[in-house]
Amino acid sequence: SQTIHQWPATLVQPVGSPLSLECTVEGTSNPNLYWYRQAAGRGLQLLFYSVGIGQISSEVPQNLSASRPQDRQFILSSKKLLLSDSGFYLCAWKSAGVNYGYTFGSGTRLTVV
Amino acid sequence: SQQGEEDPQALSIQEGENATMNCSYKTSINNLQWYRQNSGRGLVHLILIRSNEREKHSGRLRVTLDTSKKSSSLLITASRAADTASYFCATDFTGANSKLTFGKGITLSVRP
């Protein structure tokens, strides 16, 4: 069966420090991968998505970046965190093609102090 | 930008009652999906309805879709305290690359 792993669960980082969040998927190949962010009490904002290795589409210009070095690995990074980067980050995957539901990871709660 | 807009923003009902949540969207879609989020947790996919479908059932869930009005509703029948969570609708656009766009969510509280 397919599973998605996202870590760490919580993270407290100082302003200006780097960030690396990792997401891996098991049990499927060539998934579409997504990074979402959820601010407190708000809906989800799509940050990046990828339909294949090395293919990254950015939805929101910001100081974050994403990479997909392997088929089932999706990484969210920042060189210097801002206070406004605090939030709940969720990774998700779905099978390529239409009319499939998304499977979300358990999320990383990032607090920038 | 937000595509889906849920209504109401918050809903409080007694256990055993039905809960109806509504969602409106703006553009053409491939499908519309409903998700549930328990406090501080990841999202769980509940149900997907395709643009050519009008109604779908899954257990105690019933979802309808009216593409002419660009709206959907999620009905949870015989609610339980364990249904307390935030519920989100999300739309998947027509086009080459699938990407879900979420509304802000509805907070459902079911009182025991």
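Note that the coordinates shown come from a computational prediction; the quantities given were computed from them, not determined experimentally. Only heavy atoms go into these numbers, but all of them, side chains included; no hydrogens, no water, no symmetry mates.
Transitive grouping of hydrophobic side chains (ILVMFWY, heavy atoms separated by less than 4.5 Å) brings A:L64 and A:L33 into a common cluster. In the hydrophobic clustering of this structure, A:W7 does not group with A:Y36; members are Ile, Leu, Val, Met, Phe, Trp, Tyr whose side-chain heavy atoms approach within less than 4.5 Å, directly or through other members. The hydrophobic cluster containing A:F104 also contains A:L46, counting ILVMFWY residues as joined when their side-chain heavy atoms lie under 4.5 angstrom apart, directly or transitively. A continuous path of Ile, Leu, Val, Met, Phe, Trp and Tyr side chains, each step under 4.5 Å between heavy atoms, connects B:V110 with B:I106, placing both in one hydrophobic cluster. The hydrophobic cluster containing B:F88 also contains A:L90, counting ILVMFWY residues as joined when their side-chain heavy atoms lie under 4.5 angstrom apart, directly or transitively.
Proximity to chain B (any heavy atom under 4.5 Å) is restricted, for A:Q38, to the side chain, taken from C-beta onward.
Looking at B:L100 and A:Y34, their side chains never come closer than 4.5 Å, going by heavy atoms from C-beta outward.
A distance of 13.0 Å separates CZ of A:F48 from NZ of B:K99, quoted to the nearest 0.5 Å. To the nearest 0.5 Å, atoms CG (B:L48) and OH (A:Y102) are separated by 10.0 Å.
Across every non-hydrogen atom of B:Q33 and A:Y100, the tightest pair is NE2-O, 3.4 Å.
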